[in-house]
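Note: hydrogens, waters and symmetry copies are ignored here, and every other heavy atom, side chains too, is used.
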Amino acid sequence: RLPDLWFDPSDLRNPWRLASAEQITVSVAESAESATPSGPLGQRYRAANENTRRKRAEPFEVDPDQLDQATQLHAATQNALSAVVEIRGREPVSPTGEPNYDLAWEEPDGSVVVVEVKSLRSTNAERQLRLGLGQVLRYRSLLEADGRKAKSVLALSAPPHDPRWVALCDQLGVSLIWMPNLDTMLDQALGT
């Protein structure tokens with residue numbers, strides 16, 4: 001038999017603990033009662049470098065030029081969304097630790113909008129969307145566990161290859177937006 005384990009979100013470096021069912025119940029109840037924001041959301045937004053290039057190494061499994069293009073698309077999408085957020089009068093921030101989102105900001109109602117950005121190509125779209133959705137759900141969960149009301153956005157460099165992704169994200173409470181319509185799609189997503 002395996003021992004009972006529970007997850008302690010206050011220690012993300014070593015979060016697993018052994019405990020009785022009674023301790024687990026008390027701990028979960030205490031964390032729900034004491035969930036208040038523990039500090040600033042992040043720091044002033046740092047623009048992503050859109051001219052990043054990787055050092056060439058032989059042999060390589062993936063074409064480094066494709067990786068560079070993907071990294072540059074990611075940075076361009078992230079910077080474009082940051083500009084849209086600033087135009088809306090909000091202050092975008094970059095993470096200082098966990099959750100390690102791409103971009104976030106606070107809305108006037110006190111809620112936090114947390115964003116994961118993904119660059120899409122025909123060869124990686126499905127994998128990128130799966131990864132991005134999991135990441136942004138995790139970020140939202142961590143922020144909510146910290147006592148914040150959070151909204152999640154998955155921002156793409158291009159429209160999703162499969163329209164069912166829009167319905168899935170909507171079902172999970174994640175706003176799916178993409179280039180080049182970040183401004184209008186963000187307004188629709190946030191109801192502004």
Side-chain angles (χ1 to χ4, degrees), residues 9 12 37-54 62 66-108 110-121 123-146 148-161 165-166 168-170 172-192:
L12 292 178
S38 61
L41 174 63
Q43 63 185 354
R44 185 161 182 84
Y45 178 69
R46 294 179 309 271
N49 182 351
E50 297 179 29
N51 298 311
T52 299
R53 296 194 55 89
R54 299 185 191 310
V62 179
Q66 287 182 350
L67 287 175
D68 289 342
Q69 290 170 353
T71 302
Q72 291 165 359
L73 268 175
H74 182 283
T77 304
Q78 182 176 314
N79 289 342
L81 182 56
S82 173
V84 167
V85 170
E86 287 179 339
I87 289 169
R88 294 178 80 237
R90 311 296 186 263
E91 184 178 338
V93 295
S94 295
T96 56
E98 285 296 332
N100 191 19
Y101 51 79
D102 286 319
L103 185 69
W105 66 91
E106 292 187 49
E107 286 290 304
S111 65
V112 172
V113 180
V114 63
V115 180
E116 177 62 27
V117 175
K118 290 295 175 195
S119 59
L120 300 185
R121 295 186 322 264
T123 57
N124 75 350
E126 184 71 17
R127 184 180 69 240
Q128 286 288 82
L129 283 159
R130 289 179 185 186
L131 181 61
L133 181 57
Q135 287 174 282
V136 79
L137 288 171
R138 175 68 172 158
Y139 303 153
R140 183 175 71 193
S141 174
L142 289 172
L143 288 168
E144 288 173 347
D146 197 29
R148 298 181 188 273
K149 180 181 170 191
K151 300 174 185 174
S152 48
V153 174
L154 182 53
L156 310 175
S157 64
H161 66 293
W165 275 101
V166 176
L168 176 60
C169 287
D170 187 52
L172 296 172
V174 174
S175 299
L176 186 61
I177 64 175
W178 55 83
M179 293 283 277
N181 305 316
L182 294 174
D183 52 351
T184 56
M185 294 182 88
L186 185 61
D187 285 344
Q188 290 171 354
L190 298 179
T192 56

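Taken from CZ in R130 to CG in L168, the straight-line distance is 10.5 Å, to the nearest 0.5 Å.
Between the side chain of T77 and the backbone N or O of L73, at least one donor-acceptor pair lies under 3.5 Å. Judged by distance alone, the side chain of S152 and the main-chain N or O of V114 form no donor-acceptor pair under 3.5 Å. In this structure, the side chain of N79 does not engage the main chain of A47 through any donor-acceptor pair within 3.5 Å.
Side chains of W105 and L41 form no contact here, defined as non-hydrogen atoms less than 4.5 Å apart. Looking at V85 and V115, their side chains never come closer than 4.5 Å, going by heavy atoms from C-beta outward.
A150 and L143 get closest at one heavy-atom pair: CB-CB, 4.0 Å. Closest heavy-atom contact between L154 and K118: CD1-CG, 4.2 Å. Pairing each heavy atom of L81 with each of A155, the nearest pair is CD2-CB, 4.0 Å. Nearest heavy atoms, R140 versus G173: NH1-O, 3.0 Å. What you find for P159 and L120 is that their closest heavy atoms are O-CD1, 3.9 Å.
Not a single side chain to side chain contact (heavy atoms under 4.5 Å, CB included) links D170 to another residue, sequence neighbours left out. Not a single salt bridge (Lys or Arg N to Asp or Glu O under 4.0 Å) links E86 to another residue, sequence neighbours left out. Here Q78 pairs with Y45 under the side chain to side chain donor-acceptor pair (under 3.5 Å) rule; sequence neighbours left out. Partners of S111 under the side chain to side chain contact (heavy atoms under 4.5 Å, CB included) rule, at least two apart in sequence or in another chain, are E107, D109, K149, K151. By the side chain to side chain donor-acceptor pair (under 3.5 Å) test, S82 is found to be paired with no residue, residues two or more places apart in sequence or in another chain being considered. Under the rule for a side chain to side chain donor-acceptor pair (under 3.5 Å), the partners of Y139 that lie at least two apart in sequence or sit in another chain are E116, Q135. Looking at residues two or more places apart in sequence or on another chain, you find a side chain to side chain contact (heavy atoms under 4.5 Å, CB included) between E91 and R44.
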- Item | Working for side-chain contact (heavy atoms from CB on, under 4.5 Å), residues Y101 and L142 | CA-CA 11 Å; Y101 51 79; L142 289 172; over 6 Å; no
- Between H161 and L129, is a side-chain contact (heavy atoms from CB on, under 4.5 Å) present by the stated rule, with each step listed? CA-CA 10 Å; H161 66 293; L129 283 159; 3.7 Å; yes
Check residues 174-188 and write down every donor-acceptor pair under 3.5 Å in which the side-chain atom is one partner and the other belongs to a residue at least two apart or another chain.
{"residue": "T184", "atom": "OG1", "partner": "N181", "partner atom": "O", "Å": "3.4"}
{"residue": "D187", "atom": "OD1", "partner": "R88", "partner atom": "NE", "Å": "3.2"}
{"residue": "D187", "atom": "OD1", "partner": "T192", "partner atom": "OG1", "Å": "3.2"}

